[in-house]
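Throughout, a chain's letter reflects where its sequence line sits, starting with A, and its residues are numbered from 1. No experiment lies behind these values; they were computed from the predicted model shown. In what follows, every heavy atom counts, from backbone to side chain, and hydrogens, waters and symmetry copies are set aside.
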Number of protein chains: 2
Amino acid sequence: MFKALADPTRRFLLDLLFARDGRTLTELESELEMTRFGVMKHLRVLEEAGLVVVRRSGREKHHFLNPVPIRLIHDRWIDKYTERQVTALLDLKNELEKDHDRD
Amino acid sequence: MFKALADPTRRFLLDLLFARDGRTLTELESELEMTRFGVMKHLRVLEEAGLVVVRRSGREKHHFLNPVPIRLIHDRWIDKYTERQVTALLDLKNELEKDHDRD
DNA sequence: AAGTTATGTGACCCGAAGGTCACATGTCAA
DNA sequence: TTGACATGTGACCTTCGGGTCACATAACTT
């Protein structure tokens with residue numbers, strides 16, 4: 001599950017699904033500079049990690065983002081008390097900068 | 001930074017630091033079934049990822065957990081609206097189970 | 001100064017993961 | 001049913017990352 005997040009291509013796939021859910025394999029493939037097979041492998045990893053959930057419809061396979069595992073990562077190393085400090089800090093930072101691009 | 005979380009040994013190191021901060025290399029080494037060199041490599045990766053912050057004191061090097069990058073992962077794929085749903089869901093789950101061990 | 005302790009560096013080995021391809025199955029449409 | 005489309009499988013290659021070791025520097029102790 002952590003290994004699933006280790007690859008930049010897979011993170012980009014999550015970004016795509018975060019922007020718009022329910023896309024199919026070929027739809028996602030068109031956004032990447034890679035063979036269909038590569039994308040398929042990555043989606044499989046994400047699926048096995050529980051980060052992506054799948055719904056079949058005929059010959060098509062639609063992919064959806066699952067936020068739960070991400071939250072579990074968060075909760076593993078940030079307790080309720082620290083969370084308040086960190087969110088406050090980051091909210092302040094975003095307030096000061098007002099433009100943000102990550103990674 | 002995501003690759004830093006991909007390795008189970010490094011996650012265990014974060015767990016150790018989450019339990020108690022400021023430990024030194026040899027202290028952490030004693031908790032693992034590995035050579036000092038292996039642990040050193042892992043700590044270096046965690047440090048470069050910003051997940052661990054370091055304070056030198058003489059010949060000793062103390063390691064501290066930094067929660068900010070973890071929170072950034074969270075914020076990347078969970079918006080404020082979804083966050084409420086997910087936390088509510090997980091709080092409910094923890095309430096029902098009442099015993100929890102992860103990974 | 002000398003020995004011990006804490007940490008650092010470079011090279012090396014090996015298994016795992018990313019990527020592609022030939023080939024294959026299942027499904028829609030005419 | 002025939003062809004086109006969407007997805008799946010296994011083998012293969014190559015690069016990368018985890019782990020160890022020989023060797024090295026720096027600091028505390030007596």
For the pair Asp7(B) and Lys3(A), find out whether any cationic side-chain nitrogen is under 4.0 Å from an anionic carboxylate oxygen. no
Looking at Arg10(B), does any N or O in its side chain come under 4.0 Å of the phosphate oxygens OP1/OP2 on dG19(D)? no
Side-chain donor/acceptor contact of Arg59(A) with base of dT7(D) under 3.5 Å: no
Take the protein atom CE of Met34(B) and the nucleotide atom P of dG17(D), then report the distance between them rounded to whole Å. 16 Å
Contacts of Glu33(B) and His63(A) projected onto DNA chain D by closest heavy atom; the upstream (5') one is His63(A)
Hey, is the side chain of His42(B) poking within less than 4.0 Å of OP1 or OP2 on dG17(D), counting only N and O atoms? no
Carboxylate-amine/guanidinium proximity below 4.0 Å for Arg71(B) and Glu83(B): yes
May I ask you to verify if any side-chain N or O of Thr26(A) is less than 4.0 angstrom from the OP1 or OP2 atom of dT7(D)? yes
Taking NZ from Lys61(A) and C1' from dG8(D), how many angstroms apart are they, rounded to a whole number? 9 Å
Is the side chain of Arg23(A) donor-acceptor paired with the backbone N or O of Leu28(A) at a distance under 3.5 Å, no angle test? no
Okay, side chain of Arg56(A), backbone of Lys61(A): is any donor-acceptor separation there less than 3.5 Å? no
Spacing of Glu48(A) atom CD relative to dG8(D) atom C1', expressed in whole Å: 14 Å
Check whether Asn66(A) reaches the backbone of Gly50(A) with its side chain - one donor and one acceptor, N or O, closer than 3.5 Å. yes
Side chain Arg36(B) and base dG8(C) donor-acceptor under 3.5 Å: yes
Tell me the interatomic distance from Arg44(A), atom CZ, to dG10(D), atom P, rounded to whole angstroms. 9 Å
Rounded to whole Å, the CG-P distance (Leu43(B) to dA6(C)) equals 15 Å
Residue Glu60(A), side-chain heavy atoms: nucleotide from dT7(D), dT7(C), dC23(C) that is nearest: dT7(D)
What is the distance, to the nearest angstrom, from the CG atom on Leu25(A) to the C1' atom on dT9(D)? 14 Å
Looking only at the side chain of Lys3(B) (C-beta and beyond, no hydrogens), which of the listed nucleotides dT9(C), dG17(D), dG8(D) gets closest? dG17(D)
Determine the contact category for Gly38(A): base if any of its heavy atoms lies under 4.0 Å from a base atom, sugar-phosphate if only primed atoms, P, OP1 or OP2 are that close, otherwise nothing. base
Contact under 4.0 Å: Thr35(A) side-chain N or O vs dG19(C) OP1/OP2: no
The side chain of Arg56(A) lies closest to which of these nucleotides: dG8(D), dA6(D), dG19(D)? dG8(D)
Roughly, in whole Å, what's the span from NZ in Lys41(A) to P in dC21(C)? 13 Å
Quickly work out the Phe2(A) CZ to dG18(D) C1' distance and round it to whole Å. 18 Å
